[in-house]
Amino acid sequence: EDMVSHINKLINQVYVQTIKTQEAEREMMLAKINPHFLYNSLDSIHWLAIRNKDYEVSELLEVLADIYRKILASGEGMIPIREDLEFINDYIFLLDFQMGDRIEFIKDVPGELKAYVIPKLITQPLIENAVGHGLNKTKMNGKVKIRIRKKNDRLHIFVIDNGIGCDAEGLNRILQDGNPESAFALRNINDRIRLRFGGEFGVKIYSRRGWGTIVKVTVGMEEKA
């Protein structure tokens, strides 16, 4: 009886594990299919809008589809600053449509730096944070500046806003050893940079309530061939 019970338990464990494996495989397939399906759907709606002469909608859809195309593009995870700025331009175009004249976006990037490569998707989440947390209640005169500078063998990327400010000390602490469920976007950027370039690189936050926030990202210099 004990042997039969043990065998039944093992069979049940194998069955449950098989179900979990199949479910994981299904989720992986959905993760691959859904973004491409969404991109293709946006492109189809874009052309439908053109056919119906709704050009404002078609332009928005075209930009959104282009953003998804760039996100889905394969590669080792490093892109030239020039391409990152193109992605940012698309993202800001959509934000401008939502925000109107409430926020001004300023890009201060010397031309000679645009050939250097940086990790994908580190600037856009910082802009999203600046708008969503620092300037989400602003009515006028909000500003977000993207500034990139070179110093010695490092690139410094700044995202600066004049919003409400934040708890910089707390966020910097979380970036080092804090709650893994907090500040996910910032920790993701910081961890990716430190993994590639070393512990002396990464994200640093400066802020004061009512003054605004500066997020500084430091990466190593890798010039694209």
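Nothing here was measured: the structure is a model prediction, and the numbers come from that model.
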One pair to check against side-chain contact (heavy atoms from CB on, under 4.5 Å): Gln124 and Phe87. What are the steps and the verdict? CA-CA 8 Å; Gln124 181 272 330; Phe87 179 82; 3.6 Å; yes
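- Side-chain heavy atoms closer than 4.5 Å link hydrophobic residues (I, L, V, M, F, W, Y) into clusters, and following such links, even through other members, never connects Ile157 to Leu195.
- Asn190 places a side-chain N or O within donor-acceptor distance of the main-chain N or O of Val203, the cut-off being under 3.5 Å.
- Sorted by first then second residue, the salt bridge (Lys or Arg N to Asp or Glu O under 4.0 Å) pairs that include residues 78-89, not counting sequence neighbours, number zero.
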Checking side-chain contact (heavy atoms from CB on, under 4.5 Å) for the pair Lys216/Arg147: CA distance, chi angles, key distance, verdict? CA-CA 9 Å; Lys216 177 184 177 183; Arg147 175 188 294 161; over 6 Å; no
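- Follow the hydrophobic side-chain contacts under 4.5 Å out from Leu135 and you reach Ile92 in the same cluster.
- Interatomic distance, CD of Glu104 versus CG of Asn141, reported as 9.0 Å (0.5 Å rounding).
- Cluster annotation: Ile81 and Phe158 are assigned to distinct hydrophobic clusters (Ile/Leu/Val/Met/Phe/Trp/Tyr, side-chain heavy-atom contacts under 4.5 Å, transitive).
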Taking it one step at a time, do Asp108 and Arg149 satisfy side-chain contact (heavy atoms from CB on, under 4.5 Å)? CA-CA 9 Å; Asp108 178 10; Arg149 292 292 184 268; 2.7 Å; yes
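- Taken to the nearest 0.5 Å, the CD1 atom of Ile189 stands 4.0 Å off from the CG atom of Leu126.
- Here the side chains of Ile103 and Phe105 are in contact, with some heavy-atom distance below 4.5 Å.
- Shown here for Lys107 and Leu85, the closest heavy-atom pair between the two residues is CD-CD2, 4.3 Å.
- Atoms CZ and CD1, from Arg208 and Ile214 in turn, are 10.0 Å apart once rounded to the nearest 0.5 Å.
- Between Arg209 and Asp167 no salt bridge is recorded (no basic side-chain N to carboxylate O distance below 4.0 Å).
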Evaluate Val144 against Ile160 for side-chain contact (heavy atoms from CB on, under 4.5 Å), listing each step before the verdict. CA-CA 6 Å; Val144 177; Ile160 306 162; over 6 Å; no
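- Gly202 and Ile193 get closest at one heavy-atom pair: N-CG2, 3.6 Å.
- Environment of CD in Glu169: sparse, with no more than 12 heavy atoms of neighbouring residues, nucleotides or ligands closer than 6.0 Å.
- Between the side chain of Asp161 and the backbone N or O of Gly134, no donor-acceptor pair lies under 3.5 Å.
- A chain of hydrophobic side-chain contacts below 4.5 Å, direct or via other Ile, Leu, Val, Met, Phe, Trp or Tyr residues, connects Phe197 to Leu121.
- The structure places CD1 of Ile146 at 6.5 Å from CD1 of Ile88, a figure rounded to the nearest 0.5 Å.
- Here the OH-CE distance, from Tyr116 to Met78, works out to 13.0 Å after rounding to the nearest 0.5 Å.
- Nearest approach of Cys166 to Ile205, heavy atoms of both residues: SG-CG2, 4.1 Å.
- The shortest distance between side-chain heavy atoms of Val159 and Thr213 does not fall below 4.5 Å.
- In terms of heavy-atom proximity, Ala185 sits nearest to Pro125 at CB-CB, 4.4 Å.
- In this structure, Arg196 fails the cation-pi test against Phe201, since its NZ or CZ atom is not both closer than 6.0 Å to the six-membered ring centre and inside 45 degrees of the ring normal.
- Across all non-hydrogen atoms, the minimal contact from Pro110 to Ile148 is CD-O, 3.3 Å.
- Put simply, NZ on Lys150 and CG on Leu155 are 8.5 Å apart, with the number rounded to the nearest 0.5 Å.
- Transitive grouping of hydrophobic side chains (ILVMFWY, heavy atoms separated by less than 4.5 Å) keeps Val215 and Tyr206 in distinct clusters.
- No donor-acceptor distance shorter than 3.5 angstrom exists from the side chain of Thr218 to the backbone of His156, with no hydrogens or angles considered.
- Ile106 belongs to no multi-residue hydrophobic cluster, having no ILVMFWY side-chain contact under 4.5 Å with any other such residue.
- The two residues Arg194 and Leu175 make their nearest non-hydrogen contact at NH1-O, 4.4 Å.
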